[in-house]
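Every chain is numbered from 1, with letters handed out A, B, ... down the list of sequences.
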There are 2 protein chains.
Amino acid sequence: MEATAPTLSRKAQIDQTATALFRTRGFAATSMRELAEALGLEAGSLYSHIKSKQELLHRICFRLADDFFAGFAAATHDSAEPAAVQLRWAIESHVRVLTQDVAASAVFLHEWRHLSEPARTEFLALRERYEAGFRLLIQRGIEQNDLRTSDTAFATLTLLASLNWLPTWYKPEGKLPPSEIAHRLADQLLLGLANS
Amino acid sequence: MEATAPTLSRKAQIDQTATALFRTRGFAATSMRELAEALGLEAGSLYSHIKSKQELLHRICFRLADDFFAGFAAATHDSAEPAAVQLRWAIESHVRVLTQDVAASAVFLHEWRHLSEPARTEFLALRERYEAGFRLLIQRGIEQNDLRTSDTAFATLTLLASLNWLPTWYKPEGKLPPSEIAHRLADQLLLGLANS
DNA sequence: TAAGGTTCCTAACGTTCGTTAGCAAGCGTA
DNA sequence: TACGCTTGCTAACGAACGTTAGGAACCTTA
């Protein structure tokens, strides 16, 4: 068992439906019977495909973590580029991952608390590593005199906060394409609201 | 019954403990037995003081909504002031409410989904009204040539997003006093990260 | 002392929860 | 045809859930 690619279709379907339910009702408030009904089958049948409810949450959260890291790595790959430019790319990559799967992003951002140990601790460590990446970019941007802020850690949190609120209001069918959203977000965060 | 001020102390104690638990474990994942144990009594005893678990969530959410509106009204009371200044005050008021009771703020921001109807709909309407207040300030700031943005609604969402992430990392015992946090947040959001 | 209110208890209710066991139908491959 | 794999079913398990009923101890006020 656990070979390369058997039984991926039905499992993926369960993941997707679970993601949508976890997003709107929350992990704890979503029952396996609800999930089963949304898929058109009985609760017990789910366990032919998954091991537990916890496993679903685990897969959703860590898959997205992988996506964020991959995007960040790509955005900061060209280290010859100024840090401020790399930061803008990292912001746009972050937004791209968020908009690519809004439901999974919302779960990733809000439902990770319900991960059982040791996954929860592992998740938080990953999150911290990711934030540290942004912090370093901002720090280097300041050294290169392209950015300014009184508190790097503070600025990092605020920046990611703005980005991470996106899944609460973003609608894939909205008029703004993800790339445009990413661009505007980066503009507003880097240039501010005030007229110079 | 339901007179002016009988039995307020124990009830308030329950509210406070429930707020802390709802924040860390989430509303759905917090059981009345857990809540009772945290207060040093049995589950059934809670119902001498409250009507239901739902009532607890309702009170927490709507009390904070009141606080936000009161703060906003005070911040924008002097309509002779430029909109950009009123906006800064409104931001600082928002941060003040958030930091005054971080646990309740976190519940307000994340657990309102579990309000049952019609409270949930009512809550969302209040939230929209509050956001509209900020939107109007930004709009007027643009007309008065003190602010600039390509999309008012967009800027409003981003601004509130930065503020609302605060309860996830703010520690009352931290080195920065709330007023300083409010000031820095307003600065970063209004002036941006980039060097002019 | 009597009355009323507050606070908390024990015990239990009906329901829902995540999960398991055992079985059967359908499938493609040998 | 026979095999193994996938997919799904029914039925049930023990546990936990929110909530209620009924009673007891305590405090204050009359």
Problem - Neighbour count >12 (heavy atoms, 6.0 Å) for atom CD, A/Glu92 - result: yes
Heteroatom pairs (N/O) under 3.5 angstrom, protein to nucleotides 21-28 of chain D:
none

Practice task
Tell me whether the guanidinium CZ or amine NZ of A/Lys53 lies under 6.0 angstrom from the six-membered ring centre of A/Phe27 and within 45° of its axis.
Solution key: yes
Exercise for the section: Identify whether NZ of Lys or CZ of Arg in B/Arg129 sits under 6.0 Å from the centre of the six-membered ring of B/Phe69 and within 45° of that ring's axis. Expected result: yes
Exercise for the section: Please confirm whether A/Phe108 and A/Phe123 have ring centers closer than 6.0 angstrom. Expected result: yes
Handout entry: Side-chain N,O (A/His49) to OP1/OP2 (D/dT7) below 4.0 Å
Key = yes
Nucleotide [N], atom [atom2] - distance to [atom1] of [X] in whole Å:
{"X": "A/Ile50", "N": "D/dT7", "atom1": "CD1", "atom2": "P", "result": "13 Å"}
{"X": "A/Ile14", "N": "D/dT6", "atom1": "CD1", "atom2": "C1'", "result": "12 Å"}
{"X": "A/Glu42", "N": "C/dA24", "atom1": "CD", "atom2": "P", "result": "18 Å"}
{"X": "B/Glu37", "N": "C/dC9", "atom1": "CD", "atom2": "P", "result": "12 Å"}
{"X": "A/Leu41", "N": "D/dT6", "atom1": "CG", "atom2": "P", "result": "17 Å"}
{"X": "A/Gln13", "N": "D/dT6", "atom1": "CD", "atom2": "P", "result": "16 Å"}
{"X": "B/Gln54", "N": "D/dC17", "atom1": "CD", "atom2": "P", "result": "17 Å"}
{"X": "B/Leu46", "N": "C/dC9", "atom1": "CG", "atom2": "C1'", "result": "12 Å"}

Practice task
Show the numbers, then the answer: is there a side-chain contact (heavy atoms from CB on, under 4.5 Å) between B/Tyr170 and B/Leu98?
Solution key: CA-CA 9 Å; B/Tyr170 174 73; B/Leu98 285 178; over 6 Å; no
Exercise for the section: Provide the full list of side-chain hydrogen bond (donor to acceptor under 3.5 Å, both in side chains) pairs with a residue in residues 155-167 of chain B, sequence neighbours left out, each pair given once. Expected result: A/Ser162-B/Ser162, B/His94-B/Asn164, B/Trp165-B/Thr168
Problem - Derivation of the side-chain contact (heavy atoms from CB on, under 4.5 Å) call for A/Arg88 and A/His183 - result: CA-CA 8 Å; A/Arg88 178 177 279 273; A/His183 189 73; 3.7 Å; yes
Problem - Side-chain donor or acceptor of B/Glu117 paired with backbone N/O of B/Thr121 under 3.5 Å - result: yes
Practice task
For the residue pair B/Phe72 and B/Tyr130, categorise the inter-ring angle as parallel (less than 30°), tilted (30 to 60°) or perpendicular (more than 60°).
Solution key: perpendicular
Restricting both atoms to N or O, compile the protein contacts to nucleotides 14-18 of chain C shorter than 3.5 Å, with distance only.
| from | atom 1 | to | atom 2 | distance (Å) |
| --- | --- | --- | --- | --- |
| C/dC17 | OP1 | A/Ser31 | OG | 3.4 |
| C/dG18 | OP1 | A/Thr30 | O | 3.2 |
| C/dG18 | OP1 | A/Lys53 | NZ | 2.9 |
| C/dG18 | OP2 | A/Met32 | N | 2.8 |
| C/dG18 | N7 | A/Arg33 | NH1 | 2.9 |
| C/dG18 | O6 | A/Arg33 | NH2 | 3.0 |

